[in-house]
Amino acid sequence: MNSSEDKPVSPPSHFIREMIAADVRAGNQGSPVVTRFPPEPNGYLHIGHAKAICLDFGMAREFGGRCHLRMDDTNPAKESMEYVESIKTDVRWLGWDWGEHFYFSAHYFERMYDVACGLIRRGKAYVCELTQEQWKEYRGVPTRPGKESPFRNRPPAESLDLFARMRAGEFPDGSLCLRAKIDMASPNIHLRDPVLYRIMREHHYLTGDAWCIYPMYDFAHPLEDAFEGVTHSLCTLEFEVHRPLYDWVIDQLEDLPVRPRQTEFARLNLSYTVMSKRKLLELVQTKRVSGWDDPRMPTLCGLRRRGVPPEAIRAFCDEIGITKYNSLTDVALLEHCIRDVLNKTAPRRMAVMDPLPVTIENANDLPSFVEAVNNPEDPSAGSRRIPFGPALLIERGDFMETPPPKYFRLSPGKSVRIRYAGFLACTGVQKDANGALTGITCRWAPSEANLKVKGTIHWVPADARPVEVRLYDRLFTVEEPDAHEEKDFKDFLNPDSMKIASAFVEPALLEVQPGDRVQFERVGYFVADSEDSKTGVPVFNRTVTLKDTWAKASAGDAR
RNA sequence: UGCCCGAUGGUGUAAUGGUAGCACAACAGACUCUGGAUCUGUUUGUCUAGGUUCAAAUCCUAGUCGGGCAACCA
């Protein structure tokens with residue numbers, strides 16, 4: 001109980017956890033903690049959403065409450081069922097469960113309409129006939145108050161009639177709107193008689209053409225939260241100035257079981273990528289990437305296809321914390337979280353990317369196979385047999401005729417350990433007519449020889465099959481692609497963000513299932529592509545490289 | 001130049017008036033059948049100026065810098 005060594009390490013707290021904890025201590029209005037994740041189904045979820053998802057679902061779980069998944073679909077123009085399905089898939093993949101609590105804003109349209117009518121009756125809202133151009137004039141600017149709409153004080157009965165006829169489809173799109181009557185002199189623009197409903201003849205993927213008026217976010221969102229008994233409505237910083245309006249809408253409601261409260265936190269910015277739906281859509285539409293699930297995309301489906309385990313994303317979200325500071329998180333932290341999970345879970349396999357043939361002279365001494373451990377980090381992963389023989393393939397980079405200092409690999413007259421299979425001493429080199437290296441000859445010694453060598457290299461049998469591998473790198477060449485004032489973010493696309501190559505792989509690698517994650521020893525973590533892998537013919541995507549201090553050191557020497 | 005929010009090592013965060021800590025990154029060493037992993041160590045920080053206080057990253061004032069707000073988007 002009091003041993004300090006094995007105390008569980010809990011993630012550092014943050015202001016939202018502290019706030020909820022305080023609310024719970026005070027009784028939380030007699031309610032369990034209820035949060036919600038409310039994406040608009042107009043695009044695919046990305047790792048920025050993962051931060052919000054882990055917060056919303058994480059707080060609910062931590063405090064024994066619940067979290068709703070809600071489609072915030074009040075603007076049918078850009079929304080579709082395709083996105084709804086992808087969102088459910090991605091949230092589930094991340095490891096969260098909304099239970100019975102899956103909702104659509106569209107299912108509240110009738111109730112919202114009733115609330116709007118109540119507002120009109122009590123003189124809190126009115127139908128405005130000003131055009132959008134005229135309204136720009138009336139609205140004023142942040143530094144100067146606006147002026148009141150000439151329709152502001154029309155009798156409620158008149159507004160009620162007009163509002164009903166708006167719904168009935170008597171007016172063209174954009175000709176009328178319903179406004180809240182708040183304060184045209186407010187320094188907060190959002191309080192200057194904001195639009196509550198607009199006329200928009202747009203087919204809704206759920207309600208079809210039943211409606212031609214749709215509620216605005218600022219009206220709909222607090223109502224949805226209130227209808228569902230949400231206690232803690234967590235959203236990103238750009239909604240901070242909307243909070244007074246959120247509260248105004250809540251104040252108009254009677255007999256609320258719980259009063260929802262909005263709290264804002266900073267959205268995630270990740271280096272070397274972009275996060276806005278608009279820009280991601282642009283990359284897809286201009287074919288800079290193969291689709292939303294291109295393994296270079298920061299979308300959850302892209303990260304999944306890249307081979308990133310959901311646990312790594314959750315660990316990352318715990319690691320980055322929650323604040324109100326607009327930060328730029330180093331993608332190296334994400335990569336660390338990915339390696340951390342994969343190191344413990346990914347089976348080790350051998351694959352040679354750039355082969356150099358090796359012929360072993362003392363062929364008669366060789367075993368016909370070797371036993372290889374599947375994961376040194378996980379004894380329960382067992383071991384496998386790899387065929388062995390006098391003809392092998394090693395990595396070209398693992399041999400140098402005239403090695404630089406501190407080169408621990410093979411060179412003439414020197415020895416290395418070959419993974420799981422004893423030692424090789426280089427006895428000769430073969431070259432073609434141009435003097436290019438075509439192969440080497442070696443003498444083999446068994447593991448029992450216990451040679452003192454500094455390096456271990458990987459290998460495959462010479463009859464290993466080649467498979468396609470896709471080597472992914474960061475999508476952009478600069479930390480903040482969208483921070484440049486004149487240049488477009490697409491100007492910073494990394495031309496080498498994907499390289500197609502082949503690798504000669506040990507037999508076990510031909511048996512993987514799509515989605516299986518492995519480590520190519522000394523190279524990196526790879527996943528069998530979920531789309532393009534066929535039975536016996538896998539295609540591998542590189543998730544992330546292994547750390548390589550030698551590459552770093554030798555690159556440094558070259559400079 | 002109106003309103004709102006923010007600022008802690010290179011990066012992300014913790015410290016809620018009382019020893020500035022953790023993680024990533026970087027660097028060094030130990031260990032190792034992955035130049036991986038693991039372990040140990042090192043470097044680097046409270047935006048500025050005043051004030052309150054025995055004591056300030058924390059409270060107050062002013063400034064600087066950064067972000068957000070003027071869709072019938074969310």
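Throughout, protein chains are lettered first and strands after them, A, B, ... in sequence-line order, and every chain is numbered starting at 1.
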For [N] versus [M], give the span between their [atom1] atoms, rounded off to a whole number of Å.
{"N": "B:A25", "M": "B:U19", "atom1": "C1'", "value": "26 Å"}
{"N": "B:U13", "M": "B:C73", "atom1": "C1'", "value": "33 Å"}
{"N": "B:U61", "M": "B:U53", "atom1": "C1'", "value": "16 Å"}
{"N": "B:C22", "M": "B:G17", "atom1": "P", "value": "22 Å"}
{"N": "B:U46", "M": "B:C27", "atom1": "P", "value": "24 Å"}
{"N": "B:G50", "M": "B:U44", "atom1": "C1'", "value": "28 Å"}

Does [X] make a side-chain donor-acceptor contact with the base of [N], cut-off 3.5 Å?
{"X": "A:H242", "N": "B:A74", "answer": "yes"}
{"X": "A:R409", "N": "B:G35", "answer": "yes"}
{"X": "A:E377", "N": "B:U38", "answer": "no"}

Residue matched to B:C24 through Watson-Crick or wobble contacts both under 3.5 angstrom: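 Check on B:C24: paired to B:G10, both distances under 3.5 Å.
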If stacking means aromatic ring centre less than 5.5 angstrom from the base's six-membered ring centre, planes under 30°, is A:W550 stacked on B:G35? yes
Is there a donor in the side chain of A:E228 and an acceptor in the side chain of A:H68, or the other way round, less than 3.5 Å apart?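 Indeed, the side chains of A:E228 and A:H68 share at least one donor-acceptor pair under 3.5 Å.
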Centroid-centroid distance, A:Y205 to A:Y83, less than 6.0 Å: no
Distance test, side-chain N/O of A:K547 to OP1/OP2 of B:U34, below 4.0 Å: no
